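Naming: A, B, ... by sequence-line order, numbering from 1 per chain. Everything numeric in this text was worked out from a predicted model, so none of it was measured.
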Amino acid sequence: MSVGITPSIVEASFRKSFGRRSILNYNLSVSAIRKMKLAEYYKDNVTIIDAYPGNGIWSAALHNEIKPANHVLLEPLVGAQKFLKQFIDPSKNTLKLWPEDPFRWATYENIVTEKVITPIVHPRTEINPHLLFTCNLSTIQGEQLCVQFLNCVMNRNWIQKYGRVRMLLWIRYSTLVKLLATPGSKRRGRVSVQTEACSDTRLIIDNKMADLTLDKQKYEPLEVMTKPNDIFPTKAPIALIQVDPLEADIEQLDYFEYVIRTLFILKTRPLKEGLAILGPGALDDMGPSLRPLLNKKPADMTLEEFFLVTKAFGAWPFKPEILHDFYAESDYSLHATSVSNSSGRT
Amino acid sequence: MKSIYKLSGINRNPAVTVALRSSSASTFTCSIHRRAFTSSAAALSAVKIQSPSRGFKTDSTTNQALSGSTTSFASSLHSDPLFSTSFDRSKQSSSSPSSTSPPSSTTSYMPGLNTTSWSSPHDSINRHQFLKDYSHLWTLLEACLESGNFERAEHVLISFSEHSDSKDLTMAVNNYLLRLSELNSKDSNVSQTWLRNISRKIPKFSPDTITRAIILKNKCLHYDYEESKIASYIRQYSTDILKHVDVLGIDMIAKIVKVCDIPLSDIDPQFRSLVQAVLEIPKESNVDASVDTTSDATSAPNATTEPTKQASEAKADKDLTTQREQQEAINTKLASFDIDSIKSLSKPGVENLNAVDSFGLKAIQHTLSGFASNSEQFNGVLDKIIPFASEKNVNNTNYIDFYKMVQQMESPESKATLEEKEKFYEAFESYNIARQKTIERRGLEGANLKWKHSHEQMRQAGALALKPLEALLWEWNLAMQPLLEQEFARIKEVVKYTTTRKAKDAHKKAVAAAAASASSATSKKTAEDDLLEFVEGENEDIDLSISDRFEYGPYLLLVNSQKLGILTILEILKLVSTGGIQEGMRTARAVLSVGKAVEMEYKIAKASKREKDIFGGLSPESLSDQSSVSALHDKIKESNLSNQVSWPSSIRAKVGSLLISLLIHVAKVPVTGKDPVTGDVVTGKAPAFFHSYQYQGGNRVGVLKVHNFLSKYISGDTPSNFLQPQLLPMLVKPRPWKSWRSGGYIYSTSSIMRVKDAPEQIAYLRAASDNGDLEQVYEGLNVLGDTAWTINTPIFKVVSKVWNTGKEFLEIPNEPGPLQAPQAPPRDADPQVRRSWLRECRKIHNEHTAKYSQRCDTNYKLEIARAYLGERFYLPHNMDFRGRAYPLSPHLNHLGNDLSRSLLMFWEGRRLGESGLRWLKIHTANVFGYDKFSFEEREQFIDEHMGDVFDSAEHPLDGEGWWQQGTDPWQTLAACMELTNAMSLSNPEDYISHLPVHQDGTCNGLQHYAALGGDIEGARQVNLVPSERPQDVYSKVLEIVQRYVNADAEEGHPLAELLKDKLARKVVKQTVMTTVYGVTFIGARAQIASQLKDKEGIDETQVYECSVYLTRKVFLAVRSLFEGAHLIQDWLGDSAAKIAKSVRLDIDTPSRRNGNRPDFMSSVIWTTPLGLPIVQPYREQKRLQVATRLQSVQLVDPYALRGVNARKQKTAFPPNYVHSLDASHMLLSAAECGRQNLQFASVHDSYWTHAADIDKMNVILRNAFINLHEVDLIAQLKNEFDQRYGGMLEYAEIPRHSVIAQRIIKARQDLAAIYRAREEEEEQQSWTDAPKRGRKKKAKKSASSTNLTVAEEIAIERERIDLLSSPEPEDVARGQSMVTPLSIVESLEPEELDALIKEANSTKKQRSVKSKTSSFIKSTEHSGSGYDKQASAAAAAEEDIDLLDDVEEDIIDEVMGDEESGATTKKTPKLDSLASAKSSTSVGVFIRLKVDAVPPKGTFDVKELRKSKYFFS
DNA sequence: ATGCGTCATACCGATATAAGTCCTAGAGACTTT
DNA sequence: TGACTCTCTACCGACAATATCGGTATGACGCCA
């Protein structure tokens, strides 16, 4: 995937996406990367973890622009592996293909234990300049994975234990609006608050044909895909976002998670109704301290306001002890089998 | 055009909406979309003329009475006589719908009145267009009447009249009239005036004799039986009026008879004896001790004259007192029969179970035993009768052991005279009736008194004492009262208006006025305001609560506030920790349960009150003529409005949610917490319950959680204290089944069939019931219900001893401690760690929940058993929709697990005799698990183990414990005890045995299959063929599998080598068993995997592939062994698929999701040999969200017309059919056992009777099986299908090259051209007609397409059929001139068509076989390949990247190829394409449905099994 | 009296919710350019 | 003119996801001829 073979990969990957949605426009990719000034930030001993490279356009652009010391492609799809292999120069050690599935957490441990990558832990004062993560999350499961990556940002586990690792994620539009919805938006939900709380997330490459209800002021894309053949499949809009984990801690993280998850159940009802379902007597006990917010809808609330609620919740003496609920599947085969066995006994 | 895509039958009905919600008060128009084409295309437009009565805008009929509102109902679309043939059982054809059906509104089969047929027009079982609203109105009418809201009731009545049949209407009016006259008993003019008015308003209404009877009743009360007034009225309408005992009551009739001097011969002979009884009773002694004492509480407590709170409490006190009085009265009665003392003779040492001593079951126990402890004066006569009486243990006995009493009385040593015995039984019977009634009318107020008592005790003990739960509950109920009163007041405020709009306007005015006055007087905030604020919520919700109250209000008013409070609390506490929610429950379930409890409470109270009204001073249980009594009971139930229909679940949910929200608001528990900041301990009061939500795998679920303070009180032993007493075993014989809704308990109504949200099932059932087709079914079920049971006390003692240890033992789970979740990993732990932690938590949680619910379940069983110790009881039965019988009373019954079964035995004993002793031994061997040997061997086995048997019986817990090794240990113990008792006699054959002895069918499903197919080999395997030793299917299958595996092992197959020594019967058993149910490969694989998992020597990683391998082998073996069965199974499945995927021409059924395709509407329906119609209920469900006070709740809408779930219809039909046969077999056997005076019980394919009667039963059940299968059932089924579904269309393919196919293609093109032209024209028209109306988006079609969609073609075919059946010759001619694919196909001879289809199918098959090698059986032959692939994949993952070179080219190409093609375009479902979807060599076409020919029947003669010893063994 | 336009509202269906996916297999239904 | 994706995986008995949004139908109401 050296610069020299760029035309060939562009040509070869035309209208290929291996079941995912991918960008096809190499030049636009390059342009976006330059606008992000990635090459300037990632200079020294750079490792790129490149999940689901698929047709390889975006990977090629990253590779050619950043020229990383180590670029590992996590691609479980045999077809895609075969395709990508054509463009990998085995003699060089900078670009490797690893066939394990990026969906599995073990993959990320394995590439370390197998010495495919050697991550450098970087202090949290700045974005880790030695490690960049990119992933194509354009499938239906991609959204799930995306949310989990964000959870990892919050929990500082997974690759985020190496410091604040920037993530460049290709996501569906439906996911995008969930992540980037601003207060007052119809799409404002738990994930958007969480994203806001733990990361600085920007829209990098937008898609022209999607008319989404985003705060365009706040999320001005660096590049826009305009032509039908910029992506494949043509009518399946995706976007590239850049997720920069924040340095600061979230206070009372457990409570924060519980509060936002619960409050967004009744997201267009006044907060007082939402408070009531936080715990027995919650409205009576916490209501007074949150009086100014009581009539606000969770969907309209800002991050700071959620922090206020979290704080009040943390200070509430009678808050529930168990914040994570489990449920039992109705799979009590114990009893059932004892009944049926005895009618047809052995 | 759009009309084609509209489901014409389901237009919303505005007039009904008015009555239900009355959101509006003026003119409505109900428009029906036209179904017929309005095109000018000559051949097609004829439809318009053909059916002038269809598809028009109905005229609006103005009805002044409805505050100017105009109501109209869509006229029926399909009332053609063509589609109204009668439902018939194919074997005894044609019977017209009975005209004597009791009025009912849940279902209706009135052809021609707003109805369409359900699954087939062949049966005249029709679906009322507004079924849902119809039944809602029905219940609403009753509710309004009960609460005295006559204005609205009339409103409802008028809406109802618009689309009800005249019988239902008359019944509705009569109920109105009855209630009106009740409340105006002193003035009969009121009701007469009203009647005149209503007759004018509803011209359809015609009074019947019941109407007259009501007026007569009113007159009697008004004029105090003044002869002149009454006699003339009777003369005017004949003495027929007097047959309505259920209206007038016996007392009244007697008086009338006396006053007017009417000869007794004019009275309905059925009830003459009752009237006579009244006449003979001297006036003063006419006091009934047993009839309801709480009845005044039931008569519309919240009607205009509502009892005050104090009054109702006082009444509760009174109730308890009267109850005691009543009991004493009965005691006196018993005593008067010369059995002065019924003081318990029961055994010592029946330990009390550890349980919260409070209400529920305790109260029942109290009822049951209530008067055992009284007075010493009863010692005497009984002592004379029973010599052992002196040994009686007086302490520790809190119940009467009737069982022992009777045994001793009947024992040879007993000196009781025949007369004494007779008197005893008579007393026993009436005592039981009284107690049964008391149990069914649960004493809610009684519970409250107990709570109150507890509360007061707590007070005395001082504040420091921990409050007992009861005290808390009392406080809650007390606190709920003012809120409930407030709610009642608000409801009354709302419901006094006839429309919500009026109510809202009035409210607005009131608010405005209040605001005006408030501005002057500064508002002071009072407690009441707080209440108001809570109840009313935010101002913006007021409109909502008004319309809400308008809906649920009338229902809530039916039960008084005391009862409401109590039952809410009881229900909620019962539900704690259900639904997999820790320390809580699902909101949906909670609100529905509470709502249902309210409904139950009301209905039972109402029934009880009516009974009192009708019987007057007579005591029904003491009358000699019990047949008249029960006939009258039935009549009462039938005429009772509330028995006909259940409340809509939306109403239940709303009522329940309101009550729960009140409870949440008032129920508080003390709490302590730590202030996170200061660290101080804070105390306070917190709500005991709170409403929240949880997520279950991405789904939101509403939950009601209990405060953990409260959950400390609640253990697995608690819920049984809150048990609803309505569905317990009965102390008297159940009311026999007489119709589909008459039978079972005394007060509560149950249906004879458990239906699954499917009115269609009810419709068919009702038709059969009304038609008198179910007599055999009734007979069988009644035998089951008449079997008398009692508790096996020795077993109970052992069990309760074990239970009280709290430890796990056999089937008894231990007392689960608090849930201990593992420590959560730190947040920054690897996601994998977190994931496995979560998984672990979930697993522990699951286990805990399962354990808890098991503990609860066992506790229920034991508590019920304890309550019924020494009692004689009965288990009323009904059926599932296939006809299999189940006891109505849950928890403790003989269908339960081993433990439940062991706790039950026959009340009646029978001398063993020689054969009985032998069977008792065999039974002991069977339950021990030694059941695969010959009878002689089993007998011998027990003889050899007689020492173990004795030891088990005498030292169950401290002996060798031989019984515990049995397959069914508890039943083994019971058998050991029985056998020991018998053997202890000098002649064991003299032993009077009560133990049920079982005879089980060996793989009963396969037995039926073998008989159906006449399959000799199969018959042999399942013991249909006489044999010296029992055949064991599972061992046989295992043997074959073993052979396969050995063969593979020979060839070096690694898995075969691994497995060949590890096969066991157990591994294959479940799979063989479930084969009958159509288990799929993956399901069977999972079963086998779980069996292999515990096997030694199989690595965990290999379990999967082993199970895959083995499952293939097992399937092969089963198939080879039961070839005949599989042929039948396949035929059944294929037939069901054809039916379920058939297309109907009689109604328009576009798919909801894809307007280009019709939905499949026909369920598989068949009639069992006993005449029971069975409808498979599997349809797509429509779900409704109902907004309740707490949250919105999702309910299924059973009334929605939805397409069938074809897949489920297909897969479930074979097992359902076979189950319907085994059910028939059972019921036939039961009926015959009843005739031969055998006690009989069954668990589907396990038949029970006394040991002594086993020989008789064996003959009976064999004969029944032979009778069942002597006719060719499958042929009969095919015949029935042909008749019922013959008019439908099925999809078939014929070769494209055939002449016919070419003609069809041509015809389609022609039709498409006409169709498109007409479509365009219509479009134009619709633009000019109503430019704003959007077109139905359902009809998605590509405008340019020249092909017809499937839906379009069906529409055209339908037109043709309609034309042909038109009465106009002109239309018929037009129809004949139409050339459609169907007309072309029908021009062929059937044989020609068959040949064409066969040809097409064979080419298709060839292609598919060529392209796929997917059959698992086939791939078994190369099962090595899967192994290899797995290995290489694993290797690829482990090795370095370079290994990618090794990936075979062809795989890559394949993937790449797929990717390429993924980008290619897709296509529209045009009919032509539908044809070529499978192969371009054939054309798809709709033909008349014809089920396949029945597979040839084998030569096995079912009569042979008469000699088969092990058929059932 | 009728008709029309506008606004409010009820109803119905669609969609999001959470966040490891459940180790695999195979048939069948469904969709939609 | 097929193919791809999605679903579901044993019968019965027991049961049951919810909040919100947007489009459409329908009715109320006002207005004016």
Roughly how many Å is it from CD in A:Gln141 to P in C:dA18, rounded to a whole number? 18 Å

Identify which nucleotide among D:dC11, D:dA10, C:dG13 has an atom closest to any side-chain atom of B:Lys1182, counting heavy atoms from C-beta outward. C:dG13

Output all residues satisfying side-chain hydrogen bond (donor to acceptor under 3.5 Å, both in side chains) with A:Asn157, sequence neighbours left out; order by chain, then residue number. none

Compare the aromatic ring of A:Phe103 with the six-membered base ring of C:dT21 and state whether they stack according to the 5.5 Å and 30° rule. yes

Separation of atom NZ in B:Lys1210 from atom P in D:dC8, rounded to whole Å: 17 Å

Just checking B:Val1108: base, sugar-phosphate only, or nothing, at a heavy-atom cut-off of under 4.0 Å? nothing

Which string of ( ) [ ] | and . matches DNA chain D, if you list each base 5' to 3' and count Watson-Crick or G-U pairs only when both distances are under 3.5 Å? ..|.|||||.......|||||||||||||||..

May I ask you to say what B:Ile1082 touches in the nucleic acid, namely base, sugar-phosphate or nothing, with a heavy-atom cut-off under 4.0 Å? base

Ranking D:dC11, D:dG13, D:dA16 by distance to the side chain of B:Asn1216, first place goes to D:dC11

Identify whether any heavy atom of B:Tyr693 sits under 4.0 Å from a base atom; if not, whether one sits that close to sugar-phosphate; answer base, sugar-phosphate or nothing. sugar-phosphate

Among D:dA17, D:dC12, C:dA25, find the nucleotide with the atom closest to the side chain of B:Phe881. D:dC12

Round to the nearest Å and state the distance from B:Arg1183 atom CZ to D:dC15 atom P. 14 Å

Holding to side chain to side chain contact (heavy atoms under 4.5 Å, CB included), I want the full list of residues that pass it with B:Pro1214, two or more places apart in sequence or in another chain. B:Tyr1009, B:Gln1129, B:Leu1132

For C:dA18, does either OP1 or OP2 sit under 4.0 Å from a side-chain N or O belonging to A:Arg190? yes

With sequence neighbours left out, write down each residue that passes side chain to side chain contact (heavy atoms under 4.5 Å, CB included) with B:Thr1071, or none if nothing qualifies. B:Ala1084, B:Gln1087, B:Ile1088, B:Val1114, B:Phe1115

Out of D:dA19, D:dA10, D:dA16, which has the shortest distance to the side chain of B:Ser1192? D:dA19

Between D:dC12, D:dA10, D:dT7, which one does the side chain of B:Arg1207 approach most closely? D:dT7

Taking only the side-chain heavy atoms of A:Thr268 (C-beta and beyond), determine which of C:dT17, D:dC21, D:dC11 contains the nearest atom. D:dC21

Considering only side-chain heavy atoms of B:Ala1212, which listed nucleotide, C:dC22, D:dT20, D:dC11, is closest? D:dC11

Which nucleotide in the set D:dA16, C:dT17, D:dC21 lies at the smallest distance from any side-chain heavy atom of A:Lys186? D:dC21

With the side chain of A:Leu145 defined as its heavy atoms from C-beta on, choose the nearest nucleotide among D:dA17, D:dC15, C:dG20. C:dG20

Comparing nearest nucleotides in DNA chain D, the 5'-proximal residue of the pair A:Ile265, B:Gln1087 is B:Gln1087

Exercise: do B:Tyr886 and B:Arg754 side chains pair donor with acceptor under 3.5 Å: no

A:Phe18 atom CZ is separated from D:dT5 atom C1', nearest whole Å, by 19 Å

Tell me the interatomic distance from A:Asn151, atom CG, to C:dG20, atom P, rounded to whole angstroms. 7 Å

Which residues pass the side chain to side chain contact (heavy atoms under 4.5 Å, CB included) test with B:Ala590, sequence neighbours left out? B:Ile572, B:Leu575, B:Met585, B:Ile660, B:Leu704

With stacking defined as ring centroids separated by under 5.5 Å and planes differing by under 30°, is A:Trp105 stacked against C:dG20? yes

Salt bridge (charged side-chain N to carboxylate O under 4.0 Å, His left out) involving B:Asp757 - partner list, sequence neighbours excluded: none

Classify the nucleic acid contact of A:Lys297 as base, sugar-phosphate or nothing, counting any heavy atom under 4.0 Å across all strands shown. nothing

Would B:Arg700 and B:Gln1191 count as having a side-chain donor-acceptor pair, cut-off 3.5 Å? no

